[in-house]
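Values below: every heavy atom of this structure, side chains too, minus hydrogens, waters and symmetry copies. Within every chain, numbering begins at 1; the chains are lettered A, B, ... in the order of the sequence lines, protein sequences first and strands thereafter.
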Amino acid sequence: MNPGGIDLEKTVMRILVRDPERYADREIEVSGWVRGNRDQKAFGFLAINDGTHFNPLQVVYDQGNVSSFEEVSRLRVGAAVTVRGKFLVTPDAKQPFEIIAHEIVLEGDAPEDYPIQPKRHTREFLREVAHLRPRTNLFSAVFRIRSLAAYAVHEFFQERGFVYIHSPIITASDAEGAGELFRVTTLPAQKPPVNEQGEVDFSQDFFGRKANLTVSGQLEAEAFALAFRDVYTFGPTFRAENSNTPRHAAEFWMIEPEIAFADLQDDMDLAEQMIKSVIGKIMALAPEEMEFFFKFVDKGLEVRLRTILEQDFARVTYTNAIEILEKAKAQFEYPVAWGNDLQTEHERYLTEQVFHKPVFVTDYPRDIKAFYMRQNDDGKTVAAMDLLVPGVGELIGGSQREERAELLEQRMKETNINRDELWWYLELRKYGGVKHAGFGVGFERLIMYLTGVGNIRDVIPFPRTVNSCEF
RNA sequence: UCCUCGAUAGCUCAAUGGUAGAGCAACCGGCUGUUAACCGGUAGGUUGUAGGUUCGAGUCCUACUCGAGGAGCCA
């Protein structure tokens, strides 16, 4: 009850959409930001979005009903308002319902230089106003999907009894060989302490040794998999690579499950189930947002996602993939030869031209893969898998891990991995070591795949890339 | 890091080496159910920065800055 004695209920769009009939002809109060204002001589229409639902709410304001009519008719896009009025279900109109206002209060004005207009903006421009872009349709949809996808990922693993591990953000290990590292230090940038050789003396640093931001939680996850059996990490990851592409960021999130008593086949089964589960949940949880992507972002997206849900992913060994590529009529810029890593053009050809769906490529040559991957009996390949998907490229990379201590040590020696730093990783093999496997999913690449948005900078709220750390 | 392309009004884009324009947004006005509303009008510019060629440069040349796409690296 408000002071005026009218039965008035504060509500939000999410609730109204769920059960409009419950509110029919009742007095309600809704607050939101103006998305559009179409004023006429004696009445007008306000589209307001309160952030709780993708679609805006239509507010009808009439000179006879609203005392601040003149002020309301001049409201600009971006202003924040509170509206009180009668809720009306309008089954025959373009919008499912509207509110007939009797009071509209300006909560926060938006001056005429508000950069977001009710028109199409380029993504490049919107990146420059990343603090305002979540108020647009596209980014409203992207970031709600991002939130729901994170939820769906957790739900998938939790339903299966996986234990969520918070792997460290700061690590002392720089031996994982997964790209350039961000140094974490409290040493002064000017004149840091030096040792007798004239090198920076990291023994005087905060941790008494070199420390970096993590590039992967995998090694720590392996330790927990050998205690809990099924675990996953889901957290931020940092790469200081000087790579400027629509698929790379310096700070991104990774999902890394790790499963014990499991081999590469189990690993691929898990990856496939996870992708399908997340897609299915997102389509069920955010139909308005997905419809927007299908219609305005990527015309082929709907068919692609539905195909994934209905069909098994393809699986092909690296060796067979090379044979397919060698027989291909397509002209490749880079030569195809056993022992060479697959180039982007080769991966795209396989997933987009040969299989037309996600494909696992397995059993890569030992020499082009990481030291921890399990060696196959042929002595040439390792039990690795990459999941290639149309449009995005490499979405998942994983492997069965080398559980045999002597073979692991031998590979570390061959690839110049510092044995002393990873003593604990070797002990995992010494004490109750068993076969186990895992993979890493680039969370942003998953979002790109789900939404059809082609640039990683547009699926991260405030993206960090080379030479760019605004906001 | 390499290759290619680009930078003109707040936004999206035009403009043979010869007076910088349009649509949208903004502002003013019109319109009794609009929904990317519609109609009329007004205002808005050191053409990314610094040099150079030329009688004359948004346009040609050089360097730089920023952005995008492709490649490498990877998730």
With stacking defined as ring centroids separated by under 5.5 Å and planes differing by under 30°, is A:Phe252 stacked against B:A75?
-> yes
On a whole-Å scale, what distance lies between the C1' atoms belonging to B:G23 and B:A14?
-> 11 Å
Just compare B:A71, B:G23, B:C74 and give me whichever is closest to any side-chain atom of A:Thr245.
-> B:A71
Integer angstrom distance from the P of B:G40 to that of B:A7 = 31 Å
Quick one: which of B:U12, B:G69, B:G33 gets closest to the side chain of A:Pro246?
-> B:G69
Contact under 4.0 Å: A:Arg38 side-chain N or O vs B:U34 OP1/OP2 = no
What distance, rounded to whole Å, do you find between the two P atoms, one in B:G56 and one in B:G18?
-> 14 Å
Nearest to the side chain of A:Glu112, which nucleotide is it out of B:A75, B:C73, B:A26?
-> B:A26
Between B:A75 and B:U1, how far is it from one P atom to the other, in whole Å?
-> 22 Å
Contacts of A:Thr11 meeting side chain to side chain donor-acceptor pair (under 3.5 Å) (sequence neighbours excluded), chain-then-number -> none
Nucleotide nearest A:Arg76 (side chain, heavy atoms from C-beta), chosen from B:A25, B:C27, B:A36 = B:C27
Output the single nucleotide from B:A75, B:U34, B:U32 whose closest atom is nearest the side chain of A:Phe43.
-> B:U32
Hey, does A:Arg123 reach any base, or is it just sugar-phosphate, or nothing, if we go heavy atoms under 4.0 Å?
-> nothing
Options B:C74, B:C11, B:G33, nucleotide nearest the side-chain atoms of A:Ile100 = B:G33
When the nearest nucleotide of RNA chain B is assigned to A:Arg445 and to A:Asn455 on a heavy-atom basis, which residue is associated with the more 5' position?
-> A:Asn455
Considering only B:C73, B:C74, B:G33, which nucleotide approaches the side chain of A:Gln343 most closely?
-> B:C73
Atom CZ of A:Arg135 and atom P of B:C11 are separated, to the nearest Å, by 18 Å
Among B:G70, B:C11, B:C73, which is the nearest nucleotide to the side chain of A:Ser243?
-> B:C73
Rounding to a whole Å, what distance do you find between A:Arg464:CZ and B:A75:P?
-> 22 Å
Return the nearest nucleotide to the side chain of A:Glu124; candidates are B:U35, B:U32, B:A68.
-> B:A68
Expressed as a whole number of Å, how far does the P atom of B:G69 sit from that of B:A37?
-> 29 Å
